[in-house]
Protein chains: 2
Amino acid sequence: MSHIELDSYDWRLLRALQTNARLSNVALSEQVNLSPSQCSRRLQRLEQNNLIEAYFTQLNASELGYQITAFVSITLDKRVKNSDKEFKQAIEAIPEILECYSVSGDADYWLRVISENLPSLSSFLSESLSSLTCVRDLTSTVVLNRVKHAPSIPLPN
Amino acid sequence: MSHIELDSYDWRLLRALQTNARLSNVALSEQVNLSPSQCSRRLQRLEQNNLIEAYFTQLNASELGYQITAFVSITLDKRVKNSDKEFKQAIEAIPEILECYSVSGDADYWLRVISENLPSLSSFLSESLSSLTCVRDLTSTVVLNRVKHAPSIPLPN
DNA sequence: CCTGAAACATAATGCAC
DNA sequence: GTGCATTATGTTTCAGG
């Protein structure tokens, strides 16, 4: 993971791409004040140096039928053999679980899940999560409203 | 927000774009089995119908100096006038706060924040968050490891 | 609704500086 | 490193099924 020197042009490129991953080199060149060919070359360099993890499309979940987002904190039953391994395998296989983190504190894992509505969330929690033998305890927190969503990490100028 | 009929080609387009927002129409046409021109037209239709919220680039946070991700749950002091408004304004202005949700349960808000390291997280929590007069209580949970991150919502075939 | 071809736009790269 | 010119790719419109 070779660290490379980034200059002001690189920051501007990254900043522009954070908010719109589909910008063309021509569009980038206008925002960044470089020629399109330089944008192309610098972007290649940034990708090769692993500064860019992915280009994602964020879909409109509620238009697609998922009205509910919830966070779920999970405590595993440490008496169950290989509970971590079993849990991780289960997590990977469940598409409604969008994110999963192992965390410090009372719980072992935090999940972000989506569901169609509250009844479906309720049955998802009991049928897909509580039912796992490795899960000892589970607390869900329903999202009422998204106040901020900045997929952009702060960058220098 | 007019609901439109989506067919199998649309699902495939959305599925492909979820994991790579920069796919060209030619590349999409290969994954979807349509001509490039149809991919272009359908994608325009999907965008116009608000099924796509954003194309964003996920940067490598740790390469860029942010080693720590934490979740912070916040309870506001309801005795403070306009505490919600004051809080939301503060949130918007702090770049280390990447996401903020109002939630059900004990806390009022949940945040996802990034920080350079644990000392900087510590001072961020006390100086930028606890210091807000509207904040009554705050609990932070540090992410130890990202187990799953699927920015992809499940789609039909 | 679709494909395919033509006209147009953009991307990638060699080269001169 | 950069811009410019060139060639390779990609996009979009339109005629036709």
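First the proteins, then the strands, lettered A, B, ... as listed; each starts at 1.
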- Can you tell me if the side-chain N/O atoms of A:S40 get under 4.0 Å from OP1 or OP2 in C:dA11? no

- Message: Any side-chain N or O of B:Q44 below 4.0 angstrom from OP1/OP2 of D:dT11?
- Response: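 Checking B:Q44 against D:dT11: no side-chain N or O falls below 4.0 Å of OP1 or OP2.
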
- Task: In whole angstrom, give the distance that lies between atom CG of A:N25 and atom C1' of C:dT13.
- Result: 13 Å

- Query: Roughly how many Å is it from CZ in A:R42 to C1' in D:dG3, rounded to a whole number?
  - Reply: 13 Å

- Under 4.0 angstrom, heavy atoms only, what part of the nucleic acid is B:R45 near: base, sugar-phosphate, or nothing? nothing

- Message: So that I know where these two stand, are B:Y101 and B:Y109 an aromatic pair - ring centroids less than 6.0 Å apart?
- Response: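 No, ring centres 6.0 Å or more apart.
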
- Message: Using ring centroids (six-membered ring only for Trp), state whether B:W110 and A:F71 fall under 6.0 Å.
- Response: yes

- DNA chain D nearest-nucleotide lookup for A:N33 and B:S24: closer to the 5′ end is A:N33

- Task: Would you tell me whether A:E96 and A:S128 have side-chain atoms, one donor and one acceptor, within less than 3.5 Å of each other?
- Result: no

- If you check the B:S37 side chain, which of C:dT13, D:dT12, D:dG3 turns out closest? D:dT12

- To the side chain of B:L34, which of D:dT2, C:dA12, C:dT3 is closest? C:dT3

- Assign each of A:R41 and A:P36 to its nearest nucleotide of DNA chain C by heavy atoms, then name whichever residue's nucleotide is nearer the 5' end. A:P36

- Pick from B:I91, B:V113, B:I94, B:I74: which one makes a side-chain contact (heavy atoms from CB on, under 4.5 Å) with B:C100? B:I91

